[in-house]
Amino acid sequence: MTDLHRPPGRRAILPGMNTQRPIPLRPDVTAAAREWRRSFVDDATVRALARLRRTSVDEVRLELRAPVSPMKVGDFPGGSIAELMALADNTALAEIFDLAHKIDMTGKASFEVVLPSNVTEAVFVEEDAPIPSASGLFTGLAIEPPKKVALLAPITSELEYYSAPAASVVISQLLRIAVGNGLVNVMLGTAAATAAAPAGLLYNVPPLVAGASASEDIKALLAAISAAGISSRSAALIVASDLFAALQTQPWPLFKRKVIETPTLAPGTAIAIAADGFVVTGEGAPVVDTSKSATLHMSEIPAQISTPGTPATIAAPVVSMFQIDSFCLRCVARVNFVAAPGAVAWIQDATW
């Protein structure tokens, strides 16, 4: 029978009611709940770290996993699926690309950028006076679809046993050297265009005579661009490491022009390039994938593995990645670039 005179807040005790504590959850349910909480916290932590570091969630997960689990081939860039890897933001190539106008060549065989010259300047006009009509000369700056720059790098399977951060350092350094420096060397070179590569920006551009000081050389570079009818306001400087260090010591507090250090340039080389006349196509981001079954001609000047003939030609040495328990890293980037006539000026043998 119910106690009708119980104190306020007290629970009535009915006949047959179990007054013991509630039965706890089954151990498997408790473990599942604990695992869910742990995974939730881990996921939130990884996402917060990725956001703070401005990197990918996968990269943070690999670094957190590194002390207890070695990196496997499937964790390398690409694995079985090709993966885009952007170039490091602090490379000279990335800074040079940021200067240029980007053209999307998807589905196009060629593209021409219109460059106006000798255009009539606007003038003040009196009331009721005729307004002059503009005239000028328009020329086309042709740019072709992206060209391919590529590298193969065989890596022994012992690298699998490296921790994730160590392996990432090896791979990122490889990509920066192969793709970054390789593209910069061609872009800032004097070679003519070939079927495989575009012409260097310095092709058919004679160097200016070096002056007695940094300010004198910079004035000459900008003057050469202005003389070609291109505004030097958008011009940036690309210099060798020795000149970059010298610029840091100059007493120019109001010097605001962008300066890019490029270690691959010969000492004493300074280049000025006007962004208004500089165009690139392609992303410069290498597509990276790996293979454990590739057969490679181990040479910096590779040939076809075999060429039919009498007698047939066989490349040597040829190595099977599967047979020597290794894997191959392949890096392919597609990019093209062109500069308008007069948009680039350069000096060599400068002594700042």
Side-chain angles (χ1 to χ4, degrees), residues 71-85 87 93 105-110 142-162 167 170-204 264 280-338:
M71 193 173 190
K72 301 300 182 182
V73 171
D75 296 325
F76 280 85
S80 59
I81 303 175
E83 177 181 336
L84 283 176
M85 295 183 63
L87 292 175
L93 182 65
M105 294 288 292
T106 304
K108 302 179 180 68
S110 63
I143 183 169
E144 297 179 351
K147 305 284 188 178
K148 179 173 65 177
V149 56
L151 172 78
L152 290 174
I155 301 175
T156 62
S157 292
E158 279 69 19
L159 192 60
E160 286 188 84
Y161 300 101
Y162 282 17
V170 172
I171 293 174
S172 62
Q173 184 69 6
L174 174 63
L175 293 178
R176 290 183 60 181
I177 292 175
V179 179
N181 292 349
L183 277 174
V184 167
N185 286 337
V186 175
M187 179 181 291
L188 303 182
T190 59
T194 65
L201 295 177
L202 305 184
Y203 174 66
N204 271 347
T264 57
V280 301
T281 182
E283 295 299 327
V287 177
V288 181
D289 50 9
T290 59
S291 173
K292 296 196 70 172
S293 57
T295 299
L296 307 182
H297 177 202
M298 305 290 284
S299 172
E300 293 183 357
I301 308 175
Q304 297 290 345
I305 298 298
S306 63
T307 303
T310 307
T313 303
I314 305 297
V318 172
V319 175
S320 165
M321 295 295 99
F322 180 81
Q323 186 175 22
I324 63 173
D325 188 27
S326 296
F327 62 98
C328 177
L329 180 71
R330 183 179 67 182
C331 170
V332 178
R334 299 180 187 275
V335 66
N336 206 344
F337 46 83
V338 66

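Just so you know, residue 1 is the first one in the sequence shown, and it goes up from there.
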Under 3.5 Å donor-acceptor, Asn336 side chain and Pro145 backbone:
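Pair found, side chain donor or acceptor close to backbone of Pro145.
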
Any chance you could measure Lys292, atom NZ, to Cys328, atom SG, to the nearest 0.5 Å?
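Spacing of NZ (Lys292) from SG (Cys328) equals 12.5 Å.
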
Hey, could you give me the CG/CZ distance between Leu296 and Arg330, rounded to the nearest 0.5 Å?
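The CG atom of Leu296 sits 10.5 Å away from the CZ atom of Arg330.
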
Tell me which donor-acceptor pairs under 3.5 Å the side chains of residues 298-322 have, and how far apart each pair is, sequence neighbours excluded?
{"unit_1": "Ser299", "atom_1": "OG", "unit_2": "Ile301", "atom_2": "N", "d": "3.0"}
{"unit_1": "Ser299", "atom_1": "OG", "unit_2": "Ile301", "atom_2": "O", "d": "3.2"}
{"unit_1": "Ser320", "atom_1": "OG", "unit_2": "Phe322", "atom_2": "N", "d": "3.4"}
{"unit_1": "Ser320", "atom_1": "OG", "unit_2": "Gln323", "atom_2": "N", "d": "3.2"}

Listed pairs under 3.5 Å, donor-acceptor, residues 184-197 side chains, sequence neighbours left out:
{"unit_1": "Asn185", "atom_1": "OD1", "unit_2": "Thr264", "atom_2": "OG1", "d": "3.3"}
{"unit_1": "Asn185", "atom_1": "ND2", "unit_2": "Asn181", "atom_2": "O", "d": "3.2"}
{"unit_1": "Thr194", "atom_1": "OG1", "unit_2": "Ala196", "atom_2": "N", "d": "3.2"}
{"unit_1": "Thr194", "atom_1": "OG1", "unit_2": "Ala197", "atom_2": "N", "d": "3.0"}

